Amino acid sequence: MSHVYVLVEHEAEQLSPVTGELITAARALGTVSAVVVAKDAATAASFDAELGNFGAAQVVQATAADYEQRIVTPEVDALHALAANNPAPIVLAATPTNNEIAGRLAARLGSGALVNVDGINADGSAHHTIFGGSYETSSTATGSVVYTLRPGSVVAEPQPVTAAPAPFELPAATAKDVTVTSFTPAEKTARPELTSAKVVVAGGRGVGDKFADVVEPLADALGAAVGATRDAVDEGFYDPAFQIGQTGATVSPKLYIGLGISGAIQHTSGMQTSETIVVVNQDQDEPFFQIADLGVVGDLHEIAPALAAELTKRKEAGN
Ligand SMILES: Cc1cc2nc3c(=O)[nH]c(=O)nc-3n(C[C@H](O)[C@H](O)[C@H](O)COP(=O)(O)OP(=O)(O)OC[C@H]3O[C@@H](n4cnc5c(N)ncnc54)[C@H](O)[C@@H]3O)c2cc1C
């Protein structure tokens, strides 16, 4: 029976929603071994039930006490050791860190890496949307192929099994490893994480420096994450961590609302798989309207606050 390794995404002892998507996609390739890399066995074991619920038959608990002081190498070491000993494809979430892990793993294993894919097929081929969404391709690679799957491109579907835990001790750090000597966590907001949010409200240059007055209140009324275009980020209107697009995050929410965004291909390539797209722009000829499910022509500075106020009013009235 063929099998496949999935690198479990978790943060602050919480499983990230993308993990369910990874396991769902990986099931097409065989029996899933979920690989948790964590600081101790208790943390690693805490995910067993949830991972089993998505169909992981085995949970490899790869632990190292100094895990949080090391960057990338624990994951590479664990997956390399597993796949070298018992070859199988490896599936990771497509994040900047994991694309780095994928490259190192592919080099160590002498295998191909298929990165930023949005689907994995039972024959091992992967589906990509490339050149800003202009083409769809199918690619294959050889060896213990390493895939990075874009968050939000697959719907997580439970398939409950009982996950068998398999402890695994990570090799100690060597002189070649990077060691983190100090660490400042990124500031967290109460909003959902951008790449896995079900609703995203994004602002562009048209918002100007009014993100806190216009974009954030609408996002909060909807329980949404906030995103931004590169031009808005470059102008200093919003934090670069929230940039969506070719050189930013890829999002695929159920609802995407774009405020004051023209719809350049470098932006749309990072959000075009959103289920419903609402565009608010004062210029009806902007290209963003071509991919909108609902287009609103008007001044975002009037429309967004009015929408946020109406949503809040209805919420308070219990509708
Ligand atoms: C290599 C490369 C990589 C890139 N990567 C990215 C990327 O990852 N993400 C990204 O977003 N871009 C990226 N870009 C930039 C991209 O090409 C566009 O320049 C950018 O997306 C435009 O941002 P924008 O829509 O906010 O600004 P603009 O194109 O200036 O659009 C602003 C819009 O706001 C509207 N507007 C203004 N005032 C109002 C108002 N009061 N009410 C309603 N509408 C209003 C205007 O009509 C206009 O359509 C990249 C470019 C390059 C070359």
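All values below were derived from every heavy atom in this structure, side-chain atoms included, with hydrogens, water molecules and symmetry-related copies excluded. Numbering of ligands and ligand atoms starts at 1, following listing order. None of these values were measured; they are calculated from a predicted model.
Residues Leu170 and Thr73 are not in side-chain contact: their nearest non-hydrogen atoms beyond the backbone lie 4.5 Å or more apart. Taking the side chain as every heavy atom from C-beta outward, Leu149 and Val18 never approach each other to under 4.5 Å.
Atom 16 (C) of ligand 1 has its nearest heavy-atom neighbour, among Arg205, Glu235, Gln284, Gln266, in Gln266. In this structure, of Met271, Arg230, Gln282, the residue bringing a heavy atom nearest to atom 44 (N) of ligand 1 is Gln282. When Val296, Ile265, Val214, Asp231 are checked for heavy-atom proximity to atom 15 (C) of ligand 1, Asp231 turns out nearest. Around atom 28 (P) of ligand 1, the closest heavy atom drawn from Ala228, Ser262, Ser269, Ala304 belongs to Ser262. Looking at Glu302, Gln243, His301, His267, it is Gln243 that brings a heavy atom closest to atom 7 (C) of ligand 1.
Contact analysis puts Gly298 in contact with ligand 1, with a non-hydrogen atom separation below 4.0 angstrom. The shortest heavy-atom distance from Gly248 to ligand 1 is under 4.0 Å.
Applying the 4.0 Å criterion to heavy atoms of Gly204 picks out, from ligand 1, the atoms 26 (O). Per-residue contacts place Thr247 under 4.0 angstrom from the following atoms of ligand 1 (heavy atoms of the residue considered): 3 (C), 4 (C), 5 (N), 6 (C), 7 (C), 8 (O). Interface atoms of ligand 1 facing Gly206, defined by a heavy-atom separation under 4.0 Å, are 32 (C), 34 (O), 36 (N), 37 (C), 38 (N). Each of the atoms 7 (C), 8 (O) of ligand 1 lies under 4.0 Å from some heavy atom of Gln246. For ligand 1, the atoms lying closer than 4.0 Å to a non-hydrogen atom of Ala264 are 16 (C), 17 (O), 18 (C), 21 (O). Near Asp299, the atoms of ligand 1 lying under 4.0 angstrom from a non-hydrogen atom of the residue are 40 (C), 41 (N), 42 (N). Within ligand 1, the atoms closer than 4.0 Å to a non-hydrogen atom of Ile244 are 7 (C), 8 (O), 9 (N), 10 (C), 11 (O), numbered from 1 in the order shown. Within ligand 1, the atoms closer than 4.0 Å to a non-hydrogen atom of Gly245 are 7 (C), 8 (O), 9 (N), numbered from 1 in the order shown.
To the nearest 0.5 Å, the span separating CD on Glu193 from CD on Gln14 amounts to 13.0 Å. In this structure, CZ on Arg205 lies 16.0 Å from CG on Leu259, to the nearest 0.5 angstrom.
Checked by distance only, ligand 1 and Gly263 stay at 3.5 Å or farther apart across all their nitrogen or oxygen atoms. Polar contact with ligand 1: absent for Asp283 (N/O pair, distance under 3.5 Å). Checking only distances, Ala232 never comes within under 3.5 Å of ligand 1, N or O to N or O.
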Quick one: do Thr148 and Asn98 satisfy side chain to side chain donor-acceptor pair (under 3.5 Å)? Show the steps, please. CA-CA 7 Å; Thr148 67; Asn98 284 350; over 6 Å; no
Mind running salt bridge (Lys or Arg N to Asp or Glu O under 4.0 Å) on Arg108 and Asp77 for me, showing each step along the way? CA-CA 10 Å; Arg108 280 204 201 171; Asp77 285 344; 3.1 Å; yes
Do Asp231 and Thr229 pass the side chain to side chain donor-acceptor pair (under 3.5 Å) test, and can you show the C-alpha distance, the side-chain angles, and the key distance before you say yes or no? CA-CA 5 Å; Asp231 284 22; Thr229 63; 5.5 Å; no
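Among Thr95, Thr250, Thr273, Thr195, the single residue meeting the side-chain hydrogen bond (donor to acceptor under 3.5 Å, both in side chains) criterion with Arg150 is Thr250.
Taking the six-membered ring for Trp and thresholds of 30 and 60 degrees, His267 and Tyr256 have ring planes inclined between 30 and 60 degrees apart.
Residue contacts with ligand 1, taken as heavy atom pairs separated by less than 4.0 Å, do not involve Leu259 at all. With a heavy-atom cut-off of 4.0 Å, Glu286 touches ligand 1 through its side chain alone.
Asp293 and Thr276 form no side-chain donor-acceptor contact under 3.5 Å, judged by distance and modelled atom types alone.
When hydrogens are left out, the protein atom nearest atom 47 (O) of ligand 1 is Asn281 OD1, 2.8 Å; that is the closest non-hydrogen contact. Atom 32 (C) of ligand 1 has as its closest protein heavy atom Gly260 O, 3.4 Å. Atom 42 (N) of ligand 1 has Leu300 N, 2.9 Å as its closest protein atom, hydrogens excluded (heavy atom only). In terms of protein heavy atoms, atom 24 (P) of ligand 1 is closest to Thr229 OG1, 3.6 Å.
Scanning both residues, Ala173 and Asp66, for their nearest heavy atoms gives CB-OD2, 3.9 Å.
In terms of hydrophobic clustering, with Ile, Leu, Val, Met, Phe, Trp and Tyr side chains grouped at heavy-atom distances under 4.5 Å, Ile90 and Leu82 are assigned to a common cluster.
No more than 12 heavy-atom neighbours from other residues, nucleotides or ligands sit within 6.0 angstrom of CD on Glu169.
Between Glu316 and Lys313, no side-chain nitrogen of the basic residue sits less than 4.0 Å from a carboxylate oxygen of the acidic one, so the salt-bridge criterion is not met.
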